[in-house]
Amino acid sequence: MAAPSDDPAAQYELARRYSSGEGVPVDRERAFKLFASSAAQGFAKAEYELANHYRGRTGRALDLDMASSYLERAARHGYVPAQVDLGFVYFNGSGRTPKDLVRSFHWFKRAADGGAVIAQCMVADFYKEGLGGVERNPREAFRWYRLTASRADRCAAKSQYELYASYASGRGVRRDLPTAMDWLKRAAEAGNPEAQRTLGRAYENGVGAPRDPVLARMWLRKSREGVAPHDDHEHEDEPAHVPGPAHAH
């Protein structure tokens, strides 16, 4: 089976099949050559495959300079997963790539505009905290958190908790405690430990919710599940914190 040498999309698809054994015998050497030929013609998906190859994810190569080069190329050619990865590379930094929040925001924003939910969550954090030279903007942070809170993504529960905090304090939106508590319950039910702890305190102290010792104990216990003892700094005699009156920024 062959693909036209001037058709990088076809080469990529054939490489993917040889890599996974989809309809053809697994042939990783042939897959690599096809990915390389496709990438040489600027096909972003193939560039991303090579970035992962050189990052050692295929278990056959480790060349971080090549990995970085292909990741940058794939991101610049508009491949959203590469943009997300590059955003995290600059956000976290490493021995080879210094932390650079300005570049991190640039790539997260491009990926967010391309529909990547995790990037949208990160963009919200940048606006909330004023990171990487981005002006702190509670309204813009709220908009991005609201966009991601109902999505099927691992960051949704965090966004739900941030919406609770926004509505409870009036940060970026008009203060609305009932709506805040609705989002807090959603975040807790989605497994966010901070939300579970906050909800437990609310039931314990009757702040924002009816006093209910049984529910208080349940949510406080859930908030500690999977947390190492030395990481659990909360004490059950601490009061629930619900922000006081505030105005939208």
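This one's a predicted model, so the numbers in the text were calculated from it and none came from an experiment.
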Can you tell me how far [atom2] of [Y] sits from [atom1] of [X], rounded to the nearest 0.5 angstrom?
| X | Y | atom1 | atom2 | answer |
| --- | --- | --- | --- | --- |
| L184 | R201 | CG | CZ | 13.0 Å |
| L163 | T179 | CG | OG1 | 10.5 Å |
| D100 | L86 | CG | CG | 10.0 Å |
| R76 | Q83 | CZ | CD | 10.5 Å |
| N52 | L71 | CG | CG | 8.0 Å |
| D125 | S159 | CG | OG | 7.5 Å |

Between [X] and [Y], does the ring centre distance come in under 6.0 Å?
| X | Y | value |
| --- | --- | --- |
| Y145 | Y164 | no |
| F108 | F88 | yes |
| F35 | H53 | no |
| F142 | Y127 | no |
| Y70 | Y48 | no |

Could you tell me whether K109 and D113 make a salt bridge, using a distance below 4.0 angstrom between a side-chain N and a carboxylate O? yes
Tell me whether E189 is salt-bridged to K185, with the criterion being a basic N under 4.0 Å from an acidic carboxylate O.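 A salt bridge is absent here (no side-chain N lies under 4.0 Å from a carboxylate O).
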For a quick test of reading the model, state the closest non-hydrogen atom pair linking [X] to [Y] and the distance between them.
| X | Y | answer |
| --- | --- | --- |
| S19 | V26 | O-CG1, 4.2 Å |
| A168 | A180 | N-CB, 3.6 Å |
| A216 | G200 | CB-O, 3.4 Å |
| P193 | S223 | O-CB, 3.5 Å |
| R139 | G172 | CG-O, 3.6 Å |
| A111 | A119 | CB-CB, 3.6 Å |

Check whether NZ of the Lys or CZ of the Arg K99 lies under 6.0 Å from the centre of the six-membered ring of Y90 and within 45 degrees of that ring's axis. no
Donor-acceptor under 3.5 Å ([X] side chain, [Y] main chain):
| X | Y | answer |
| --- | --- | --- |
| Q196 | W219 | no |
| R175 | Y167 | no |
| R197 | L220 | no |
| Q120 | A112 | yes |
| S20 | R16 | yes |
| T198 | E194 | yes |

Do [X] and [Y] have side-chain heavy atoms sitting under 4.5 Å apart?
| X | Y | value |
| --- | --- | --- |
| M181 | L199 | yes |
| R96 | D65 | yes |
| Q160 | N192 | no |
| R143 | R146 | no |
| F126 | L101 | yes |

Taking [Y] as the starting point, is it possible to reach [X] by hopping between hydrophobic residues whose side chains are less than 4.5 Å apart?
| X | Y | value |
| --- | --- | --- |
| V117 | W144 | no |
| Y18 | F32 | no |
| V134 | I118 | yes |
| Y203 | Y161 | yes |
| V89 | W107 | yes |

For a quick test of your reading: what N or O donor-acceptor pairs under 3.5 Å do the side chains of residues 150-157 make, sequence neighbours left out?
residue	atom	partner	partner atom	Å
D153	OD1	C155	N	3.0

Classify the side-chain pair Q11/Q41 by whether it contains a donor and acceptor separated by less than 3.5 Å.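 The answer is yes; a qualifying pair exists.
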Strictly by modelled atom types, are Y54 and S69 linked by a side-chain donor-acceptor pair under 3.5 Å?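 Note: Y54 and S69 side chains miss the donor-acceptor criterion.
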Report the C-alpha distance between H106 and V102 in whole Å, list the side-chain angles of each, state the deciding distance to 0.1 Å, and finish with yes or no for side chain to side chain contact (heavy atoms under 4.5 Å, CB included). CA-CA 6 Å; H106 169 79; V102 174; 6.0 Å; no
Is R55 atom CZ crowded by more than 12 heavy atoms from other residues, nucleotides or ligands, each under 6.0 Å away?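 Count over threshold, so yes.
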Begin from the C-alpha positions of R171 and E162 and carry the test side chain to side chain contact (heavy atoms under 4.5 Å, CB included) through to its verdict. CA-CA 10 Å; R171 186 180 65 234; E162 293 293 348; 3.7 Å; yes
Residue pairs, two or more places apart or on separate chains, that pass salt bridge (charged side-chain N to carboxylate O under 4.0 Å, His left out) and touch residues 34-51: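 Matches after skipping sequence neighbours: E47-R73.
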